[in-house]
Structure formats: C-alpha cells, structure tokens
> 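Input: one structure, supplied below.
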There are 2 protein chains.
Amino acid sequence: MSIRDARKQQSHQALLDAVLQLCTAGRSFSSLSLREVAREVGLAPTAFYRHFPDMEHLGLELVDQAALHLKKVLYQLSAAALQQPQHTVEHTLQLFFQAVDAYPPAWIFIIAERWGGCALVRQAIEREINFLIEDCIYNLKQHAATQALPCKEREALGHLLIQLAQNWAMSWIHLAQYTDIVEAQQQRLILLEQSQTQLHLLFCGISHSTRQPIISA
Amino acid sequence: MSIRDARKQQSHQALLDAVLQLCTAGRSFSSLSLREVAREVGLAPTAFYRHFPDMEHLGLELVDQAALHLKKVLYQLSAAALQQPQHTVEHTLQLFFQAVDAYPPAWIFIIAERWGGCALVRQAIEREINFLIEDCIYNLKQHAATQALPCKEREALGHLLIQLAQNWAMSWIHLAQYTDIVEAQQQRLILLEQSQTQLHLLFCGISHSTRQPIISA
DNA sequence: TGTACATCAGTGAACGCGCGTTCACTGATGTAC
DNA sequence: TGTACATCAGTGAACGCGCGTTCACTGATGTAC
C-alpha cells in the first residue's frame, strides 16, 4: 500500500473511531454532526467527503466493524466452551465480561443504536444481530448440553441468549461509571452472580425439558 | 379547573405527545429540536417555554408518563395471572402483546431511549425500569409457581422477565411495519410462539431448580 | 351585574451560531518517460 | 536517475438554513370591587 493510501486509511479509521468515542461518551449517533466528527479528528469539515458521502454511510461501516468484533467474541466463547467442556457457566460468563471490557465501544454502538434514530443503521444492526442469533443457534447444536434440544426450543434459546448477552454487556459497561472503584467492583460481582443465576435457571429448564415434552406452565 | 388552565394543559400534553409521535416514527429524542416539536403541535417556538424550560425537562416528564403506563400494564397482567391461576403462559403472553398494541409509543420511548443520547432521560428510565423489576419480583413472590423459589433466583428471574418483556414488545411493534399485513400476522404468530417457548424453557427450569439445589451447568 | 385591572399562554421579529454542502485551491505523493 | 505531469487528501471561504433564546407585544381569561 502506498504512503498516500495508508494515510487515507488512517484518517478514514480515525473518523470511524471518533464516532465510536462520542457514542461511548453517551451521545446518540443521529445527533452527531459531520462537522463535530471532523473536528474531533482534526480535519476540515470538507475532508469528510473524501471518505464518506454522509454520516449515514459512516454509520453503516461502523455497524460492519462493530458486528464483526461481536461475532469474533461470540465465536471464541463458543469455541472455548466446546473444546473445554469442563468449563462451567461461571467461567464462560467471566470470559464474556472480559471480552466486553476489552473493547466496550463495539457493544455500546450496536446496542444503543439498535433502536436509535438512523433507520439505515437500525436495519443494518438488526441484520447483524440476526446473524449473531443464527451463529448462536448453530453453536448450540454442536454443544453437548443443548444438542438434544428440539429445534424450536433451540431457536428460542438462541434468541434469548443473544438478547441476554446484550443486556449483560450494557449493564456491565454501565457499572464502570461509578466514581467509587470498590463500589463498582462489588456491583459487577453482583451482576456476574445474577447473570450466572439466570443461566442456571435456563439450563436447568433445558435439561428438564429434554426429558419430557413441554406442556403449559 | 379554569378554561385557561385546561387549554394550557392541552398544549402541554400536545407537546409531550408530539415527541412521542416523532420517536414512534423512528426519530431519536436527542435529535429532536424544540422548534420541530412546537411546529408539530402548531405553536410558535417561543410558546414552548411556557411549558418546559428545555427539551430535557420535557423528556423527563415523558419518562414519568410512559413508565406509569408500563407499570399499569404489568400490574394488570400479574393481577390477571394471580386471580385466574388457570391462565396459561400462552394466555398471559397474548394479554401482554394486546397491551403493547394498545399503546406502542410508551414502550418505544422507554426502550429506545434506555440507551439514548440524553443522559438525564437515560438515568430516569433506568430508575423506572428498576421499579418495574422490583414490582415484578414482588409479584413473583405472590405467584404460586414462583413462591418457593430462593430469593436470589427470584430476583434474577425478575430482571430477566422485564428484560425479555422489553425485547418482546419492541420486536412485536417492529413487526407492524411490514407492508404485507398477512406476512406481518404470520411473523407475529411466530414471535408469539417463540416467546411462549422461551417462557416454557424458563419455567420448566424453575420447577426443576426448586426441587434440588442449583449446581454448575 | 358591570367595570377596571391583572394575569399569562401564545406571538413575531430579531440575534448570533453551528450546520451541510459547494467550490476553487494547494501541495505532497504517484507515475510515465 | 531525473523530470514533467497527474492524482487526490485535505483546505478555507462562502452560501443559505434551522437552531435556541431574548424581548416587547397582544388579547383572551381571571379577579377584585
């Protein structure tokens, strides 16, 4: 790649990262202005057009990047669970929260803009979340604990898990905002335990429902 | 109430409703302008200040109104489940989706702005959702099926149910956007069945976990 | 009941500001010979 | 290798526009007598 191309790509990514940073700071994507993003990066507003036709297209590329990150995390989690079946629910959740901590902006952007003010971004995120759910269902089919589950139950579980993961991630990130670090750590421990309890409730239900047909509760 | 007071209250509510309508149409609260809201209602921009000091305060009042609506819905649902224990999971979920259909804007605003661009609104919504969770946990304590559950499990279940309800509501509303009404109805039926399956998975897990202590999955 | 004054929701002009977008430009980098 | 020209990321001035906010105002409604 030429010097010019490398520098262009650097600015390109800097614009994307600036939006992520502003969203991580609590701003909504649809309230960001092109000028604000350019200013954040240290470019003239007009330079923006060398990289994107408008903010909407930047948003769509951001969805791609963030969703790819999430996919990788979930893939690694399921790979770890498959290759080391002795892994407990506790350990898998710890790995999950570690991954969230490693790069919160991707989670924040996808989850906050899932119902955000930009229609195209919303649709792109919906598409990506559906892919995540499909991946999750596929992984459940490979995993010993959920292999025997009827197809309908496994699909419902996939949707539920991806939904739960979003909630866990956002709650987890949110707890970093406490000014008191000790308090934040305690709250995170509580969240970790609660998410473990939720998974336990679910998985005990699964092992139960595989033994007899599901009837009305 | 005097004529003047009644007219003032009418404009006041019209401003709140205009914001709800714009949010229901897919706009994010933080990208709305004071002028846009006033224009929607047919008022001069300056009249806005007779009702709210700024958009943020309007947002906070909207959180109160929408959260009150949600509280009522969930209260009626749990009351129905308590008074008519023959009610199945299927029936309760049908009532839930009916309630969502009866007034979608309240659900849309609370859920979409839960991670939206206005910090004060976000915090107010978090507070209200925590109240909903507390109510839910209290109701679980009254209900035969979850009475025997250990405290930690019941709390985790409360969080989980309120979270699930949000996801169900938003998915349900979202399915109304299909141009093909027949297709939309089919998709809603699928969502209804899937949410039923999710609850079944959970509740079978609960009945199982009350009989023996929970161990690692 | 009628009158005189007070209240106050809503108005319209005006302001300075940041916005998205256009345009002609600059100058470093790339390329052809 | 050196030279002459092409490319193109980034610039800065300029534009019209909608924004939030101020201010003095209007006129219907409320109130005191």
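Each chain gets a letter, A, B and so on, in the order the sequences are listed, and its residues count up from 1. Computation of the quantities below employed the complete heavy-atom set of this structure, encompassing side-chain atoms and omitting hydrogens, waters and symmetry-equivalent molecules.
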> Restricting to side-chain contact (heavy atoms from CB on, under 4.5 Å), what partner residues turn up for Gln84(A), sequence neighbours left out?
Gln86(A), His87(A)

> Answer yes or no: is there a donor N or O on one side and an acceptor on the other, between the side chain of Ser31(A) and the main chain of Ser31(B), under 3.5 Å?
no

> What is the 5' to 3' range of DNA chain D, first to last nucleotide, that sits under 4.0 Å from any heavy atom of chain A?
dT7(D) to dA14(D)

> Consider side chain to side chain contact (heavy atoms under 4.5 Å, CB included). Of Ile133(B), Leu199(B), Leu132(B), which one does Leu161(B) pass it with?
Leu199(B)

> Under the 3.5 angstrom rule, does the side chain of Lys8(B) hit a backbone N or O of Arg50(B) as a donor-acceptor pair?
yes

> Requiring both pairing distances under 3.5 angstrom, list the stems that contain DNA chain D and are made of three or more consecutive Watson-Crick or G-U pairs.
C:2-33 with D:2-33

> Return the residues of residues 25-39 of chain A meeting this criterion: a heavy atom under 4.0 Å from some atom of DNA chain D. Order them by number, or give none.
Arg35(A)

> Check whether Asn139(A) reaches the backbone of Asp135(A) with its side chain - one donor and one acceptor, N or O, closer than 3.5 Å.
yes

> So which pairs with a foot in residues 29-42 of chain A pass salt bridge (Lys or Arg N to Asp or Glu O under 4.0 Å), sequence neighbours left out?
Arg27(A)-Glu36(A)

> For Tyr103(B), check ring pair (Phe, Tyr, Trp, His ring centres under 6.0 Å) against everything at least two apart and list the hits.
His69(B)

> Under the 3.5 angstrom rule, does the side chain of Thr88(B) hit a backbone N or O of His91(B) as a donor-acceptor pair?
yes

> What parts of residues 47-56 of chain B reach DNA chain C, counting only heavy atoms under 4.0 Å away?
Ala47(B), Arg50(B), His51(B)

> Residues from residues 4-15 of chain B sitting under 4.0 Å of DNA chain D, heavy atoms only?
Arg4(B), Arg7(B)

> In Å, rounded to the nearest 0.5 Å, how long is the span from CE of Met55(A) to OG of Ser33(A)?
7.5 Å

> Go through the steps to decide whether Leu34(A) and Asp54(A) satisfy the test side-chain contact (heavy atoms from CB on, under 4.5 Å), and finish with yes or no.
CA-CA 8 Å; Leu34(A) 177 158; Asp54(A) 50 37; 5.9 Å; no

> Identify, with sequence neighbours excluded, every residue that meets side-chain contact (heavy atoms from CB on, under 4.5 Å) alongside Arg4(A).
Ser2(A)

> Any Lys/Arg nitrogen of Glu193(B) or Lys152(A) sitting under 4.0 Å from an Asp/Glu carboxylate oxygen of the other?
no

> Report, one line per pair, each donor and acceptor closer than 3.5 Å where one atom sits in a side chain of residues 168-175 of chain B; sequence neighbours left out.
unit_1	atom_1	unit_2	atom_2	d
Trp168(B)	NE1	Gln198(B)	OE1	2.9
Ser171(B)	OG	Asn167(B)	O	2.8
Trp172(B)	NE1	Asp101(B)	OD1	3.3
Trp172(B)	NE1	Asp101(B)	OD2	3.1

> Heavy atoms only, 4.0 Å cut-off, all strands: where does Ser2(B) land among base, sugar-phosphate and nothing?
sugar-phosphate

> Looking at residues at least two apart in the chain, or sitting in another chain, which of them share a ring pair (Phe, Tyr, Trp, His ring centres under 6.0 Å) with His51(A)?
His12(A)

> Name each donor-acceptor pair under 3.5 Å that joins a side chain in residues 109-123 of chain A to protein atoms two or more places apart or in another chain, with its distance.
unit_1	atom_1	unit_2	atom_2	d
Glu113(A)	OE2	Phe29(A)	N	2.9
Arg122(A)	NH1	Gly116(A)	O	2.8
Arg122(A)	NH1	Gly26(B)	O	2.9

